[in-house]
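Following: one structure in structure tokens, then a few remarks.
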Amino acid sequence: MELDLSPKLAKKVYGDDGGSYYAWCPNELPMLREGNIGAAKLALEKNGFALPRYSDSSRVAYVLQGGGVAGIILPESEEKVIAIKKGDAIALPFGVITWWYNKEDTELVVLFMGDTSKGHKPGQFTDFFLTGSNGIFTGFTTDFVKRAWDVDDDIAKALIGNQKGKGIVKLDANVKMPEPKPDHRKGMALNCEEAPLDTDIKNAGNVVLLNTQNLPLVGQVGLGADLVRLEGNAMCSPGFSCDSALQVTYIVKGSGRLQVVGVDGKRVLETIVKAGNLLIVPRFFVVSKIADPGGLSWFSIITTPNPMFTHLAGSIGAWKAISPEVLQAAFKVPAETEKLFRSKRTNDAIFFPPPN
């Protein structure tokens, strides 16, 4: 049975007036289960507060919209309180406790993508909440809470029962939350929209890579990531991950055409992608995209912290490394055709500007 590779939108899982949590379901996007990948989005309204939690999976968070404050507690470490804004990427290793808060008028939207191979459900994140109606305090009996935290009956009952919210709550406007500390941000987040470009092709596109050099925590997460921006009508070279890594792509902005070619030269997907879509390309399958006139941007995680790709077109394309005689025989074309083929795309790498 062939896998359905078509892009999908997230579905709401829970939420109220403070915000909502959305996730992609492995039943609708089977590659999530096949690749042991989870993907979800947190959307917080003004004064929305995502209660403290930890996950069964290591993840990368990416701020799609708005700004706010995040609390991050690494195992046996102090709480880091950081300001977050659109374009920020944050590596979240196993065991990290996080909370998220939005005090701005604009909705704060955070994307999470990560590895579920050690999680409870392949292709899905399972969050464990510290507080709230489904928090760990509600599962223990009062006498356990009293003894573990050395409190009396009234305090234990308050800890167990006062917070009726589930996952996300809306705080009163006068509630004072911790202020972010600038020095806490170092090493915890990287803004992909402001970081130095790893590749920049005039009139075509650019890319920022997230790896162990610019955000060392991704080494603990075991994932790499990138933000790619393709100009209007530009093309991304056909290519594949050459180290068996999976690439999970979320369309951040714009729209465009996408094609994927798999085993036996079969085109397994041809579709239009647009903002909000999530898709996964199987290992070693070749993918290419052409942006619509308004351009196309996407954020991807790759299931290795320092990924390697082979591009099949452009100045660094694999074809350029193959000797002319081999290409001529392989394509079964005359020398003139091979020379013409080799002479093209000698200046453009990875991204190609629109045709004249």
Side-chain angles (χ1 to χ4, degrees), residues 1-11 13 21-42 53-62 72-76 89-98 110-130 136 167 188 190 209-212 215-227 240-250 260 262-263 268-269 277-285 287 298-310:
M1 181 178 174
E2 292 184 358
L3 287 174
D4 178 10
L5 300 180
S6 56
K8 296 293 191 298
L9 298 171
K11 297 280 184 68
V13 179
Y21 180 84
Y22 304 83
W24 282 266
C25 175
N27 291 335
E28 293 187 359
L29 192 58
M31 275 301 297
L32 289 172
R33 186 182 293 109
E34 288 289 316
N36 260 315
I37 296 293
K41 282 197 294 189
L42 175 68
R53 69 200 64 195
Y54 62 92
S55 176
D56 63 351
S57 305
S58 57
R59 301 173 295 169
V60 172
Y62 182 75
I72 303 170
I73 303 94
L74 294 165
E76 299 181 1
I90 307 160
L92 302 173
F94 281 114
V96 168
I97 295 171
T98 63
V110 184
L111 171 72
F112 300 93
M113 297 193 290
D115 175 16
T116 65
S117 60
K118 296 180 181 177
H120 286 267
K121 301 174 184 177
Q124 287 181 270
F125 300 134
T126 300
D127 286 336
F128 294 82
F129 297 90
L130 301 190
I136 61 168
M188 299 299 298
L190 176 77
L209 295 173
L210 192 70
N211 53 36
T212 54
L215 193 61
L217 270 179
V218 300
Q220 293 185 40
V221 174
L223 302 169
D226 60 19
L227 175 66
F240 65 93
S241 169
C242 59
D243 52 6
S244 188
L246 274 171
Q247 187 168 15
V248 188
T249 298
Y250 177 85
V260 179
V263 180
V268 294
L269 181 63
N277 282 162
L278 184 87
L279 65 138
I280 304 176
V281 177
R283 290 178 172 90
F284 302 111
F285 282 34
V287 60
W298 62 90
F299 183 80
S300 297
I301 63 163
I302 305 99
T303 56
T304 178
N306 295 295
M308 295 179 64
F309 292 93
T310 293

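When reading the values below, keep in mind they use all heavy atoms of this one structure, side chains included, and skip hydrogens, waters and symmetry mates.
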So which atom in [X] and which in [Y] form the shortest heavy-atom distance, rounded to 0.1 Å?
X      : Y      : value
Val218 : Asn211 : CG2-C, 3.3 Å
Leu217 : Pro93  : CD2-CG, 3.9 Å
Asp127 : Arg59  : OD1-NH1, 4.0 Å
Ser55  : Phe125 : OG-CB, 4.2 Å
Leu279 : Leu5   : CB-O, 4.4 Å
Ser6   : Lys8   : OG-NZ, 2.7 Å

[Y] and [X], any side-chain heavy atoms less than 4.5 Å apart:
X      : Y      : answer
Leu223 : Met113 : no
Leu246 : Met31  : yes
Arg283 : Phe240 : no
Phe285 : Leu269 : no
Ile90  : Val110 : no

How many angstroms lie between atom [atom1] of [X] and atom [atom2] of [Y], to the nearest 0.5 angstrom?
X      : Y      : atom1 : atom2 : result
Leu29  : Leu9   : CG    : CG    : 10.5 Å
Asn277 : Tyr250 : CG    : OH    : 8.5 Å
Ile97  : Arg53  : CD1   : CZ    : 12.0 Å
Leu278 : Trp24  : CG    : CH2   : 5.0 Å
Tyr22  : Leu111 : OH    : CG    : 13.5 Å

Task: Check: Phe128 ring centre within less than 6.0 Å of Tyr54 ring centre - done: yes
Task: Check against side-chain contact (heavy atoms from CB on, under 4.5 Å), Ser300 and Thr249 - done: CA-CA 4 Å; Ser300 297; Thr249 298; 2.9 Å; yes
Open item on the list: Under the rule for side chain to side chain contact (heavy atoms under 4.5 Å, CB included), what residues qualify as partners of Pro122, not counting sequence neighbours?
Closed with: Arg33, Asn36
Is the side chain of [X] donor-acceptor paired with the backbone N or O of [Y] at a distance under 3.5 Å, no angle test?
X      : Y      : result
Thr116 : Gly123 : yes
Asp56  : His120 : yes
Lys121 : Gly119 : no

Which residues share a side chain to side chain donor-acceptor pair (under 3.5 Å) with [X], sequence neighbours left out:
X      : answer
Thr98  : Trp100
Ser58  : none
Thr212 : Asn306
Asp226 : none

TODO: Under the salt bridge (Lys or Arg N to Asp or Glu O under 4.0 Å) rule, collect the residues that match up with Lys11, sequence neighbours excluded.
DONE: Glu28
